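Working notes, structure below.
Here the structure is a predicted model, which is why all the values come from computation and not from measurement. Every heavy atom of this structure was used, including side-chain atoms; hydrogens, water molecules and symmetry mates were not.
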Amino acid sequence: MRAAGVREIGGRVELLDLPEPDGPGPEEVLVEVAAAGVGNWDGIVRDGAWNVGLTPPMALGVEVAGTVVAVGSRVTNLRPGDEILGHPVPLRHQGCWAERLVVDADLLVLKPLGVPWDTAAAFPVPALTAEQVLSESLKVAENETLLVHGAGGTTGGLAVQLAALRGVRVIATSGPSSTARVLRAGATEVVDYHDSSWPDRVRELTGGVGVDAAVNAVSGGSADTVLALRAGGRMATITGDPPAAERGISVADVYVRPDSAQLEELCLLLGDGRLTLSVGATLPLAEAATALERAVSGAKGGPVVLRVAPERTGN
């Protein structure tokens with residue numbers, strides 16, 4: 001079976017010839033992979049800092065979109081032929097950068113009709129991250145003011161969209177090239193983060209008080225983000241760099257987790273167009289190393305996807 005991954009922790013990403021997965025267990029399904037998402041988190045897995053349940057040699061990848069080809073005896077939510085997507089961690093046999101995958105059926109949801117394979121593959125991790133930040137860590141409410149630092153990125157952009165759907169006033173930071181897109185996503189004001197005084201500008205936009213809540217999606221950006229918050233506000237960072245608490249501000253260091261109920265609700269929004277995601281690049285499995293380099297470097301233009309079954313078209 002063709003796959004892309006590493007032969008040892010910290011090793012280079014390369015094409016691998018791995019054993020075919022065994023048939024699915026009672027609560028598992030066998031998936032023919034159409035496309036798989038690529039993110040900076042895959043670099044963390046490669047380096048051994050995130051244990052997803054496998055040891056090398058192993059395929060990387062924790063986001064999948066594909067078609068169910070076999071189901072276990074206790075599986076009732078899926079059947080052969082279903083087109084699915086998911087964030088199936090912990091991984092059972094191999095990562096998602098492989099032609100076939102055996103996963104826990106409860107970690108998969110149906111792909112919305114009309115959503116392309118590459119969009120479906122890139123959606124689970126950033127969408128779940130944004131939702132868990134807003135609904136669990138920050139508990140944002142209608143008419144509150146939220147700062148999204150790094151709204152030009154995939155997760156930040158989805159956080160803007162989800163907050164705007166909740167009736168939240170969103171102030172965002174981005175580079176000038178992303179301003180129009182972030183405004184279309186639902187931000188009411190966009191501040192250029194290249195200006196070192198941007199936290200002061202955010203406070204000005206709130207009458208000098210500061211925002212009620214903030215999410216930091218910029219590596220190393222938490223220390224600046226906290227300056228834009230009001231006293232007693234709430235902050236969440238998804239970059240592993242929580243600042244020291246000050247002025248009664250609560251701080252959450254957020255790491256994504258699988259949640260099929262949340263993902264199903266997010267897919268409803270994606271399917272009816274209330275959430276959108278534009279893929280930056282789709283590369284063949286043979287170019288997995290390049291795809292990961294692009295994702296880790298934070299290349300602009302949207303998320304990166306590996307095309308595993310290039311002839312698939314989706315419904």
Side-chain angles (χ1 to χ4, degrees), residues 1-25 28-72 83-105 107-108 111 117-126 256 258 279-299 303-312 314:
M1 177 182 70
R2 283 194 322 137
V6 294
R7 299 184 187 278
E8 60 185 4
I9 293 296
R12 66 185 180 91
V13 175
E14 58 186 293
L15 281 178
L16 303 173
D17 184 10
L18 296 175
E20 289 281 347
D22 295 331
E28 297 175 331
V29 297
L30 175 63
V31 174
E32 181 182 81
V33 179
V38 182
N40 61 341
W41 47 83
D42 294 305
I44 298 172
V45 174
R46 175 192 60 185
D47 294 339
W50 181 12
N51 181 4
V52 293
L54 302 178
T55 57
M58 65 181 185
L60 296 174
V62 297
E63 296 180 294
V64 66
T67 302
V68 175
V69 294
V71 303
E83 296 180 343
I84 54 81
L85 60 90
H87 171 45
V89 172
L91 300 168
R92 292 288 181 95
H93 297 274
Q94 284 300 336
C96 301
W97 299 359
E99 292 178 310
R100 282 164 293 280
L101 187 69
V102 170
V103 297
D104 182 340
L107 298 181
L108 302 176
K111 181 177 77 68
W117 287 115
D118 57 351
T119 301
F123 186 71
V125 167
V256 68
V279 172
T282 301
L283 302 175
L285 191 63
E287 296 182 30
T290 299
L292 183 57
E293 288 173 6
R294 178 170 178 146
V296 170
S297 69
V304 183
V305 170
L306 286 175
R307 184 178 57 244
V308 181
E311 299 304 317
R312 298 192 62 81

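Interatomic distance, CD of Glu293 versus CD of Glu287, reported as 11.0 Å (0.5 Å rounding). The line from CG of Asp47 to CD1 of Ile9 is 8.0 Å long, rounded to the nearest 0.5 Å. From Leu60, atom CG reaches atom CD1 of Ile44 across 12.0 Å, with rounding to the nearest 0.5 Å. The CD atom of Glu99 sits 7.5 Å away from atom CG of Leu285, with the distance rounded to the nearest 0.5 Å. Taking CG of Asn40 as the reference point, atom CZ of Arg294 lies at 14.0 Å (rounded to 0.5 Å). Distance check: Arg46 CZ to Met58 CE gives 10.5 Å after rounding to the nearest 0.5 Å.
Taking each heavy atom of Ala120 and Lys111 in turn, the nearest pair found is CB-CD, 3.6 Å. Residues Val68 and Val29 share a closest heavy-atom pair of CG1-CB, 4.3 Å. Considering all non-hydrogen atoms of both residues, Ala288 and Ala4 come closest at CB-CB, 3.5 Å. In this structure, Leu16 and Ala59 approach most closely via the heavy-atom pair CD1-N, 4.5 Å. In this structure, Ala98 and Gly95 approach most closely via the heavy-atom pair CB-O, 3.8 Å. Closest approach of Val6 to Arg12, counting heavy atoms only: CG1-O, 3.6 Å.
Shown here are the side-chain contact (heavy atoms from CB on, under 4.5 Å) partners of Pro258, two or more places apart in sequence or in another chain: His87, Val89, Leu107. Legend: residues meeting side-chain contact (heavy atoms from CB on, under 4.5 Å) with Ala286, ordered by chain and number and at least two apart, are Leu15.
Between Glu28 and Val103, every side-chain heavy-atom pair lies at or beyond the 4.5 Å cut-off. For the pair Val33 and Trp97, the minimum side-chain heavy-atom distance is 4.5 Å or more. Side chains of Leu85 and Trp117 form no contact here, defined as non-hydrogen atoms less than 4.5 Å apart. Looking only at side-chain heavy atoms (C-beta outward), Cys96 and Leu101 come within less than 4.5 Å of each other. Between Val31 and Val69 there is no side-chain heavy-atom pair separated by less than 4.5 Å. Contact check for Val305 versus Leu283: no side-chain heavy atoms found under the 4.5 Å cut-off. With a 4.5 Å cut-off on side-chain heavy atoms, Met1 and Pro21 count as touching. Within the 4.5 Å cutoff, side-chain heavy atoms of Val62 are placed close to those of Val125.
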What's the verdict on salt bridge (Lys or Arg N to Asp or Glu O under 4.0 Å) for Asp17 and Arg2, showing C-alpha distance, side-chain angles and the deciding distance? CA-CA 5 Å; Asp17 184 10; Arg2 283 194 322 137; over 6 Å; no
What verdict does the side chain to side chain contact (heavy atoms under 4.5 Å, CB included) test give for Val64 and Leu108, after you've listed the backbone C-alpha separation in whole Å, the side-chain angles of each residue and the deciding distance to 0.1 Å? CA-CA 9 Å; Val64 66; Leu108 302 176; 4.2 Å; yes
Could you please spell out the steps behind the side chain to side chain contact (heavy atoms under 4.5 Å, CB included) verdict for Asp118 and Arg307? CA-CA 7 Å; Asp118 57 351; Arg307 184 178 57 244; over 6 Å; no
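In terms of modelled atom types and a separation under 3.5 Å, the side chain of Glu63 and the main chain of Ala36 share no donor-acceptor contact.
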